[in-house]
Amino acid sequence: MANSSSVSEFLLLAFADTRELQLLHFGLFLGIYLAALLGNGLILTAVACDHRLHTPMYFFLLNLALLDLGCISTTLPKAMANALWDTRAISYQGCAAQVFFFAFLITAEFYVLTIMAYDRYVAICKPLHYGSLVGSRACAQMAAAAWGSGFLTAVLHTATTFSLPLCQGNAVDQFFCEIPRILKLSCSDAYLREVGALVFNVSLVFGCFVFIVVSYVQIFRAVLRMPSEQGRHKAFSTCLPHLAVISLFISTGMFACLKPPSISSPSLDLVVSFLYSVVPPALNPLIYSMRNQELKHALWKLMTRCVSEAINFHSTSADD
């Protein structure tokens, strides 16, 4: 029986068979990746440079942008390289690294989104206690807990998955190394350990989901009781982007997990995995910047300063 030590590489699923379509997909992926890098990079720079954004809400947004950058960088560059060089191969170590970092980043991201729901709940429902409940020390501890929990989850799943004997070939029916696809290559009952770990992780995620729902029920009740229309508008402008990001994150993930086997096909599975692993990191900066006036002002100020410095630099170079 072959085991994991006899597998030196895995074969990923290609988005297209013809060379023209492969190059087209490469161009599309490159555009999405550059947009994600630009959007999340601008948010990171704006939050870091603008002292008015040094608040708990933007501290967690900075963490979210970092996780989004890491998440999309774990999967998309390899898919781009495979499309460009017309190959499907990924090394055993590269596959293990993809599983680890994707599990780490996607889990930590969901915990950060949960913490952001708590931050909005305290800010709107318990404003008098906001400073004590969501101070700088508490923010650092919650962020560290999210990153640490994601790391431990990734270690558990990666170690369990790659300790299984593999005897069903090395073709992963996905464009990146996804745990359920690797489990299908196992021929041992030991895979039930990883299934148990996945069930435990899903239970934690469901608990966070319930917490988010309950938090937003309380938030909307408090907002609707506000006498000031301006106050309601400000509350909604800070909550709706976060709610939209969570909805995008959860809906794509749930569809990927709960999709009926009867409608499953390689092409559909490819599209669904692309939706939950690539689309949210690329769209999150756009969602957050659409209704957030403070963030839009900081981004505009940042871009104006960059353009001004570029013009001054060219003017000085021309004079010299």
Side-chain angles (χ1 to χ4, degrees), residues 28-50 53 55-80 97-117 119-120 139 142-151 153-154 175-178 205 208-209 212 238-256 272-292 294-296 298-299 302:
L28 176 64
F29 297 159
L30 180 62
I32 294 173
Y33 187 57
L34 291 177
L37 290 181
L38 177 62
N40 287 292
L42 284 173
I43 286 180
L44 288 172
T45 307
V47 173
C49 296
D50 196 325
L53 302 185
T55 63
M57 181 175 75
Y58 294 106
F59 170 73
F60 294 127
L61 181 58
L62 182 144
N63 279 264
L64 184 67
L66 280 173
L67 290 165
D68 280 335
L69 279 177
C71 193
I72 198 169
S73 297
T74 300
T75 58
L76 207 53
K78 181 58 180 175
M80 291 162 53
Q98 269 199 343
V99 167
F100 173 79
F101 282 109
F102 188 74
F104 168 36
L105 296 164
I106 205 78
T107 304
E109 180 165 343
F110 187 67
Y111 290 148
V112 167
L113 288 171
T114 305
I115 294 169
M116 293 174 78
D119 171 68
R120 292 298 84 208
C139 288
M142 287 188 286
W147 286 79
S149 299
F151 178 81
T153 299
F175 79 97
F176 69 99
C177 287
E178 196 178 45
V205 169
C208 292
F209 173 71
I212 292 171
T238 60
C239 290
L240 289 181
H242 176 250
L243 195 58
V245 168
I246 287 180
S247 300
L248 178 66
F249 185 90
I250 293 177
S251 60
T252 53
M254 285 183 65
F255 185 73
V272 170
S273 64
F274 186 83
L275 286 176
Y276 84 83
S277 63
V278 174
V279 173
L283 286 185
N284 285 352
L286 179 63
I287 293 172
Y288 262 104
S289 60
M290 281 179 65
R291 292 182 59 89
N292 192 311
E294 289 181 333
L295 185 58
K296 283 198 291 187
L299 290 172
L302 175 66

Legend entry - Atom pair CG (N40) and OG1 (T45), whose distance is rounded to the nearest 0.5 Å: 10.5 Å

Legend entry - Gap separating the CG atom of L248 from the CG atom of N284, nearest 0.5 angstrom: 6.5 Å

Legend entry - Any donor-acceptor pair under 3.5 Å from D68 side chain to A36 backbone: no

Inset, instruction - Rounded to the nearest 0.5 Å, what's the gap from CG on L66 to CG on L44? Could you check? - result: 4.5 Å

Legend entry - Close side-chain approach of K78 and F176, heavy atoms under 4.5 Å: no

Would you mind writing out the side-chain donor-acceptor pairs for residues 100-115 within the sub-3.5 Å range, not counting sequence neighbours?
{"residue": "T107", "atom": "OG1", "partner": "A103", "partner atom": "O", "Å": "2.7"}
{"residue": "T114", "atom": "OG1", "partner": "F110", "partner atom": "O", "Å": "2.9"}

Inset, instruction - For the pair L67 and W147, evaluate side-chain contact (heavy atoms from CB on, under 4.5 Å) and give the outcome as yes or no after the intermediate values. - result: CA-CA 9 Å; L67 290 165; W147 286 79; 3.6 Å; yes

Inset, instruction - Determine, stepwise, if the pair F175 / V278 fulfils side-chain contact (heavy atoms from CB on, under 4.5 Å). - result: CA-CA 11 Å; F175 79 97; V278 174; 4.1 Å; yes

Inset, instruction - Return the set of residues passing side-chain contact (heavy atoms from CB on, under 4.5 Å) with P56 (not counting sequence neighbours), or none when no residue passes. - result: F60, D119, Y130, V134, C139

Inset, instruction - Check whether any side-chain heavy atom of M57 lies under 4.5 Å from a side-chain heavy atom of R120, and answer yes or no. - result: yes

Legend entry - Candidate pair Y276 and S251, rule side-chain hydrogen bond (donor to acceptor under 3.5 Å, both in side chains), full reasoning: CA-CA 8 Å; Y276 84 83; S251 60; over 6 Å; no

Legend entry - Heavy-atom pair with the smallest gap, counting every atom of S273 and E178: CB-OE2, 4.4 Å

Inset, instruction - Using a 4.5 Å cut-off on heavy atoms from C-beta on, say whether the side chain of I43 contacts that of Y58. - result: no

Legend entry - CG-CD1 distance between L37 and I32, expressed to the nearest 0.5 angstrom: 12.0 Å

Inset, instruction - Looking only at non-hydrogen atoms, find the nearest pair between N63 and A143 and report the distance. - result: OD1-CB, 4.0 Å

Legend entry - Value rounded to 0.5 Å, distance of CD1 in I212 from CD1 in I246: 4.0 Å

Inset, instruction - Find out whether V205 and I250 are in side-chain contact, i.e. whether some heavy atom of one side chain is under 4.5 Å from a heavy atom of the other. - result: no

Inset, instruction - Indicate the atoms forming the closest heavy-atom contact of C177 with V99, along with that distance. - result: O-CG2, 3.5 Å

Inset, instruction - Determine whether the aromatic ring centres of F29 and F274 lie less than 6.0 Å apart. - result: yes

Legend entry - Step-by-step side-chain contact (heavy atoms from CB on, under 4.5 Å) determination, F249 to V279: CA-CA 9 Å; F249 185 90; V279 173; over 6 Å; no

Inset, instruction - Taking all heavy atoms of A282 and all of P285, pick out the closest pair and write down the distance. - result: O-CD, 3.6 Å

Legend entry - Nearest heavy atoms of A48 and L62, plus distance in Å: N-CD1, 4.5 Å

Inset, instruction - Rounded to the nearest 0.5 Å, what's the gap from CG on L64 to CG on L61? Could you check? - result: 6.0 Å

Inset, instruction - Could I get the full list of disulfide bond (SG atoms under 2.5 Å apart) partners for C71, not counting sequence neighbours? - result: none

